[in-house]
Amino acid sequence: MKNYGLLFSALIGAVASARSMTPMATLAAARVLGKPTPGTLVLLDKPVFKYGALAMGAGELLGDKMKTAPDRTVFLGLLARVMSAGIAGAALAPPDRERAGAAAAVATAVPLAYLTLAGRKRAMATMGQTRSGLIEDALIVAAGIAVVAIALKNAND
């Protein structure tokens with residue numbers, strides 16, 4: 001196992017900046033597949049949380065295209081990012097570094113939420129809300145899957 005420190009925690013924070021529930025949904029999917037995480041992730045071992053995270057991830061992808069969807073930088077949007085990034089960042093951190101992993105993920109997610117929102121608004125002006133949202137979904141979900149898959153492969157090698 002190569003030591004990447006808190007890199008994967010920071011990267012999952014970047015994912016949370018654009019889609020708050022994607023980090024939890026990708027980790028929940030890994031748990032469904034029986035994949036352990038390097039850091040402790042007690043909540044997603046409980047079926048209600050595991051399947052709830054998957055449902056919330058899918059729901060967020062649908063809700064983001066609605067005209068009434070709030071910006072990701074409103075208080076509740078940032079709170080969701082802090083919670084999701086913190087939990088996911090801790091799970092992808094090396095053992096005994098969960099708190100540092102949570103901090104790295106949150107420190108990445110919050111400022112990047114403002115940058116990803118600015119990019120999304122530019123894309124919406126060019127191609128509309130639905131199309132820009134679908135493209136962002138594809139990029140962010142792929143990034144989330146890649147970060148979790150690579151982190152878990154590294155942890156289990």
Side-chain angles (χ1 to χ4, degrees), residues 1-31 33 35-45 49-50 52-61 63-65 69-124 132-157:
M1 174 175 94
K2 233 177 174 180
N3 184 356
Y4 288 95
L6 301 175
L7 174 65
F8 296 118
S9 297
L11 290 173
I12 206 67
V15 169
S17 75
R19 292 290 177 275
S20 62
M21 293 297 116
T22 297
M24 296 301 294
T26 54
L27 284 167
R31 282 297 215 235
L33 296 172
K35 305 290 184 187
T37 56
T40 304
L41 187 59
V42 177
L43 278 182
L44 287 182
D45 287 332
F49 289 105
K50 185 181 343 187
L54 288 169
M56 287 173 60
E60 180 181 37
L61 297 178
D64 179 63
K65 303 334 158 274
D71 286 347
R72 61 193 72 175
T73 56
V74 300
F75 176 75
L76 289 178
L78 288 176
L79 180 62
R81 278 163 180 70
V82 166
M83 292 172 33
S84 178
I87 292 167
L92 296 181
D96 300 323
R97 303 234 17 236
E98 288 92 346
R99 286 185 181 170
V106 170
T108 303
V110 173
L112 276 182
Y114 290 91
L115 291 174
T116 59
L117 176 60
R120 174 70 186 278
K121 284 184 174 182
R122 276 189 237 111
M124 283 172 50
S132 65
L134 291 172
I135 292 168
E136 188 179 40
D137 286 348
L139 293 171
I140 296 304
V141 169
I145 291 169
V147 168
V148 169
I150 294 167
L152 298 186
K153 181 182 182 319
N154 178 65
N156 296 315
D157 279 348

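None of the values given here were measured: they were computed from a predicted structure. In this chain, residues are counted from 1 in sequence order.
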Where do [X] and [Y] come nearest, in terms of heavy atoms and distance?
X: A16; Y: A85; value: CB-CB, 3.8 Å
X: T108; Y: P111; value: O-CD, 3.6 Å
X: I12; Y: A105; value: CG2-CB, 4.3 Å
X: A93; Y: P38; value: O-CB, 3.4 Å

Say you draw a straight line from [atom1] of [X] to [atom2] of [Y]; how long is it, rounded to the nearest 0.5 Å?
X: M83; Y: S20; atom1: CE; atom2: OG; result: 9.5 Å
X: L152; Y: L33; atom1: CG; atom2: CG; result: 10.0 Å
X: L54; Y: M56; atom1: CG; atom2: CE; result: 11.0 Å

With a 4.5 Å limit on heavy-atom distance, are the side chains of [X] and [Y] in contact?
X: V148; Y: F8; result: no
X: K121; Y: D71; result: yes
X: T37; Y: R31; result: yes

Donor-acceptor pairs under 3.5 Å, side chain of residues 135-144 to any protein atom, not counting sequence neighbours: which ones?
from, atom 1, to, atom 2, distance (Å)
E136, OE1, R19, NH1, 3.0
E136, OE1, R19, NH2, 2.9
E136, OE1, R72, NH2, 3.0
E136, OE1, R120, NH1, 3.0
E136, OE2, R72, NH1, 3.0
E136, OE2, R72, NH2, 3.2
D137, OD1, R19, NE, 2.7
D137, OD1, R19, NH2, 2.7
D137, OD1, K65, NZ, 3.4
D137, OD2, K65, NZ, 2.4

L92 pairs by side chain to side chain contact (heavy atoms under 4.5 Å, CB included) with which of L7, L6, V147?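 Single pass found, and it is V147.
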Would I87 and F49 count as a side-chain contact (heavy atoms from CB on, under 4.5 Å) here? Give the steps. CA-CA 12 Å; I87 292 167; F49 289 105; over 6 Å; no
Looking at [Y], is its backbone amide N or carbonyl O close enough to the side chain of [X] to form a donor-acceptor pair, meaning the two atoms are under 3.5 Å apart?
X: S84; Y: A80; value: no
X: E60; Y: A58; value: no
X: S9; Y: G89; value: yes
X: R81; Y: V110; value: no

Counting only pairs under 3.5 Å, give me each side-chain donor-acceptor contact of residues 23-30, with atom names and distances, residues two or more places apart or in other chains.
from, atom 1, to, atom 2, distance (Å)
T26, OG1, T22, O, 3.0
T26, OG1, P23, O, 2.9

For K35, salt bridge (Lys or Arg N to Asp or Glu O under 4.0 Å) partners two or more places apart: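 Testing K35 for salt bridge (Lys or Arg N to Asp or Glu O under 4.0 Å), a comparison that skips the adjacent residues, returns none.
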